[in-house]
Amino acid sequence: MVRKVIETFKKDKWVLYLCADLTMLLQQTIKKVLEQVIQDSLGIAVAEEELIIQRTKTEFEGDYTLVLFGLVKKYKLNPEQIGSSIGEAACQKEPQLFKSYNLLKGFLNFSIQDQCLVDFLGTTYSNPQFGKAPVHAKRVMVEYSSPNTNKPLHLGHLRNIFLGWSIAELLKERGYVVTKSCVVNDRGIHICKSMIAWELFAQGATPTTTGQKGDHFVGDYYVKFNEAHKVQIEEGIAAGLTKEQAEKEAPIMKATQQLLQDWEAGKPEVLALWNRMNQWVYEGFEETYNKIGADFDKTYYESKTYLLGKKFVEQGLTDGVFYKKEDGSIWIDLTPAGLDEKLVLRKDGTSVYITQDLGLAEQKFQEYQYEQSIYVIADEQNYHMKVLQLILQKLNKPYANGIYHLSYGMVELPSGKMKSREGTVVDADDLIAEMIEVARTKTEELGKVKDFDAEELQKLYHTLALGALKFYLLRVDPKKKMIFNPQESIDFQGFTGPFIQYTYARIQSILRKESPTASLSMENKLEKEEKELLITVEQFPAILEQAVAEHNPSVVALYVFTVAKLFNSFYTQHSIISAPTDATRQLRLRLAALTATVIKRSMTLLGIEVPSRM
RNA sequence: GGUCCGGUAGCUCAGUUGAAUAGAGCAACUGCCUUCUAAGCAGUAGGUCAUUGGUUUGAAUCCAAUCCGGAUCACCA
């Protein structure tokens, strides 16, 4: 399904926004050259997508490989023959690009001229903006986080927030004009539950009097509601009611329903309490958002937007897209699209969830005229989002096709799903506090920053803790559900944020001793490790473009890990400061500087800071 | 039941517009700090890519069937 959507976007205009700087990329250049070479030497006009160019596997000689099978099959050619004639012609035509070629089965492996890469390094090493595309003013809205105001943020929200934030930043980096938005579900039965419980049990307590963070404070009353409700359900069942009846008829539930009606009627004292409790929650959220570096350009409140969708119902009825049933409820028939019939307005005239979302989509478009509107929402709402888009399409809304559901898998624990009723929900604030503690312990064990003052240490712990957490949640393909293993998440070795942060700190340590000097010439022969690192680093802009096209930050996480690994491998085998010649030292300093830039840019786009020492 | 998603090393994950001997990290084992930060590097071991059949010069990748797991199909949000 996801793949289909991506394809649709490709056919549409999404990927056509590919920026000019991509044509500078080595792989693209090779493709273009080979396209021409094949035309010249074989007289075949191949389409660009027919050419498969990939990195040469490490066990073979070469850097980039043209896979010949496709051509062989389509044009009924002999791989040996066309391989050597393409290879020969390419090396002759572009001697400054190709050093040599070799042919193995259907694979034509090219070695890139060292000088070509050295030139790239020379022009790029001091560019802190490497990877950034010029602004092209395509507008995108990214909605993420969207919490309920009855309880604090948890691990699931974190995956959502990190993903949404990162995808927004990636879009900006590639030239889009992005609005980050958040919808706060501030009304409804859930907040009324917390309100009732507070009225019944709090005796006037507030976050100030208890010293609690506001969102946790309110969340506790939500828990208290459920506890009281449970007791009353049991009483009801004991009195002979069915479970469903007992749930509905419980006095505390009745009171909650009454409160919701009073809220909708605008009863002043109810609104006052509602405002007050939401305010506590917002203060708590704000603190957490600041801690994790989340930010929004626009916040929508459900209490202000939930009525907007009703206009749609009228329009839909007029257009014949919706129909009215005898009881007065209004529906849309989506069975032709393979879905069901869907209610859009209750018989009492109140709107349902989908109706609200229709209204909000319209409002967002009125305000921002987006071309793409990305919703970062868990995959349990795939059906809902499909319906939303389908209805908007049927209503001929111009923005309907721009809706993209960035559907991510739920976070589970090794023990199974997180369940609030069983108390297995991992609280965001608690988790971050734990991570910071682990960062502190490990840092103290290693004892490398003993000269840091208290403030610098706090900053470092925070950087490492959030680096570990964000990387852990972002390194997995968003659309797959993931298992959060607490043991693993605090790991600082291997495929982790701190490993990459460490690599960056190492480079900074070198660059503090000596920075590259522009005037010095560079060696133009590359060691194997230098070359591999340089070729990988060169792909950075293409990686970003891929991450954007796929709406997938894990592409960046995987890539930056590869870069860090390659650097570390190079680092242990070759000395930078004590390189054999000045020219080599210069080259390695620049390579180190460019690697640091790529690491820093990648990590920044994932929302992760990098320390200069750790 | 309908629709959709997933199943790759002990664990967590890459690889899926078909392409070379299926890759990482963790865990296990072996080496490497008088040399730019060992939060590192090098190596060993670990696989019936859920199963079966098909298409193909070539399948983890495409098709069909089956098994297993999950999501969803509310006048909840």
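Below, read A as the first sequence line, B as the second, and so on, with proteins coming before strands; counting in each chain starts at 1.
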Quick one: A:His384 NE2 to B:C4 C1', roughly how many Å, whole number?
-> 16 Å
Calculate the interatomic distance between A:Asp477 atom CG and B:U12 atom C1'; express it in whole Å.
-> 14 Å
Given the P atoms of B:A77 and B:U72, what is the spacing between them in whole Å?
-> 16 Å
Protein-nucleotide distance (A:Leu71, atom CG; B:U57, atom C1'), rounded to Å = 15 Å
For A:Arg55 and for A:His574, find the nucleotide of RNA chain B with the closest heavy atom, then tell me which residue's nucleotide is more 5'.
-> A:Arg55
Euclidean distance for P, B:A50 against B:C11 (whole angstrom) | 14 Å
Would you call B:C33 syn or anti, using the 90° rule around 0?
-> syn
Lys/Arg N to Asp/Glu carboxylate O, A:Asp348 vs A:Arg346, below 4.0 Å = no
Is the ring centre of A:Tyr502 under 5.5 Å from the base ring centre of B:G40, and are the two planes under 30° apart, so that they stack?
-> no
If you draw the axis of the six-membered ring of A:Phe452, does the NZ or CZ of A:Arg613 fall within 45° of it and under 6.0 Å from the ring centre?
-> no
Ring center gap for A:Phe495 and A:Phe471 short of 6.0 angstrom = yes
Start at the 5' end of RNA chain B and walk down; is the nucleotide closest to A:Phe60 or to A:Lys442 reached first?
-> A:Phe60
Heavy-atom neighbours of A:Lys325 NZ exceed 12 at 6.0 Å = yes
Distance, P atom - from B:G15 to B:A20, rounded to whole angstrom = 15 Å
Going by ring centres under 5.5 Å and near-parallel planes (under 30°), is A:Phe107 stacked on B:A19?
-> no
Taking atom P in both B:G54 and B:G10, compute the distance separating them and give it to the nearest angstrom.
-> 28 Å
Looking at the side chain of A:Arg346, which of B:C41, B:C75, B:A20 is the nearest nucleotide?
-> B:C75
Measure the distance from CD on A:Gln356 to C1' on B:C76 and round it to the nearest whole Å.
-> 11 Å
hbond_proxy A:Thr562 side chain to B:A24 base (donor-acceptor, 3.5 Å cutoff) = no
Side-chain contact check for A:Lys480: nearest option of B:A20, B:C73, B:A14 is B:A14
Given B:U72, B:A42, B:C75, the nucleotide with the shortest approach to the side chain of A:Leu343 = B:C75
Would you indicate, yes or no, if B:U21 has its OP1 or OP2 atom less than 4.0 angstrom from a side-chain nitrogen or oxygen of A:Lys105?
-> yes
Over 12 foreign heavy atoms within 6.0 Å of CD, A:Glu61 | no
Options B:C41, B:A19, B:C13, nucleotide nearest the side-chain atoms of A:Val476 = B:C13
Mind checking the P distance from B:G47 to B:A22? Whole angstroms is fine.
-> 13 Å
Contact under 4.0 Å: A:Arg475 side-chain N or O vs B:G25 OP1/OP2 | no
Less than 3.5 Å between a donor and an acceptor, one on the side chain of A:Lys450 and one on the base of B:U37, is that the case here?
-> no
Distance below 4.0 Å between A:Lys513 side-chain N/O and B:U37 OP1 or OP2 = yes
Heavy-atom donor-acceptor pair, A:Asp327 side-chain to B:C75 base, under 3.5 Å = yes
Any residue meeting ring-ring contact (aromatic ring centres under 6.0 Å, His included) with A:Tyr301, in chain and number order, not counting sequence neighbours = A:Tyr282
Which nucleotide, B:C76, B:A20, B:U72, lies nearest any side-chain atom of A:Asn109?
-> B:A20
Dot-bracket for RNA chain B, 5' to 3', with Watson-Crick and G-U pairs under 3.5 Å, [ ] for crossing pairs and | for other-strand pairs: what is it?
-> ((((((((.[[[[.)...(...]]]].(((((.......))))).....[[[[[..)....]]]]])))))))....
Kindly point out which of B:A24, B:A19, B:G7 is positioned nearest to the side chain of A:Val67?
-> B:A19
Less than 6.0 Å separating the ring centroids of A:Tyr502 and A:Phe492?
-> no
Between atom CG in A:Asn485 and atom C1' in B:C13, what is the gap in whole Å?
-> 12 Å
Can a side chain N or O of A:Arg613 be found less than 4.0 Å away from OP1 or OP2 on B:C36?
-> no
Using the C1' atom as the reference point in each nucleotide, state the distance between B:U3 and B:U8 in Å, no decimals.
-> 26 Å
Side chain of A:Lys481 - closest among B:C75, B:G70, B:A20 | B:G70
Distance col, row A:Arg440:CZ vs A:Leu460:CG, nearest 0.5 angstrom, shows 12.5 Å
Could you tell me whether A:Gln487 contacts a base, only the sugar-phosphate backbone, or nothing, with contacts defined as non-hydrogen atoms closer than 4.0 Å?
-> nothing
Go through B:G40, B:C75, B:U72 for me and flag the one nearest to the A:Glu380 side chain.
-> B:U72
Give, for atom OH of A:Tyr222 and atom NE2 of A:His190, the distance between the pair rounded to the nearest 0.5 Å.
-> 8.0 Å
Greater than 12 external heavy atoms within 6.0 Å of A:Glu59's CD | yes
Given the P atoms of B:G53 and B:A42, what is the spacing between them in whole Å?
-> 41 Å
Hey, does the side chain of A:Ser554 come within less than 4.0 Å of B:A14's phosphate (OP1/OP2), counting only N and O?
-> no
Please state how far atom CD in A:Glu264 lies from atom C1' in B:A77, giving the value in whole angstrom units.
-> 13 Å
With the side chain of A:Lys73 defined as its heavy atoms from C-beta on, choose the nearest nucleotide among B:A20, B:U57, B:U37.
-> B:U57
Starting at OH of A:Tyr408 and ending at P of B:C5, how long is that distance when rounded to a whole Å?
-> 19 Å
Distance-only donor-acceptor test, A:Asn568 side-chain atoms vs B:A42 base atoms, 3.5 Å = no
Can you check whether A:Arg585 has a side-chain N or O nearer than 4.0 Å to OP1 or OP2 of B:C36?
-> no
Given the C1' atoms of B:C75 and B:C67, what is the spacing between them in whole Å?
-> 39 Å
side-chain N/O A:Lys342 vs B:A74 OP1/OP2, d < 4.0 Å | no
To the nearest angstrom, how far is A:Gln54 atom CD from B:U61 atom P?
-> 18 Å
Within the stacking criterion (centroid distance below 5.5 Å, interplanar angle below 30°), does A:Tyr571 stack on B:G40?
-> no
For residues A:Thr424 and A:Leu413, report the shortest heavy-atom separation together with the two atoms involved.
-> O-CD1, 3.2 Å
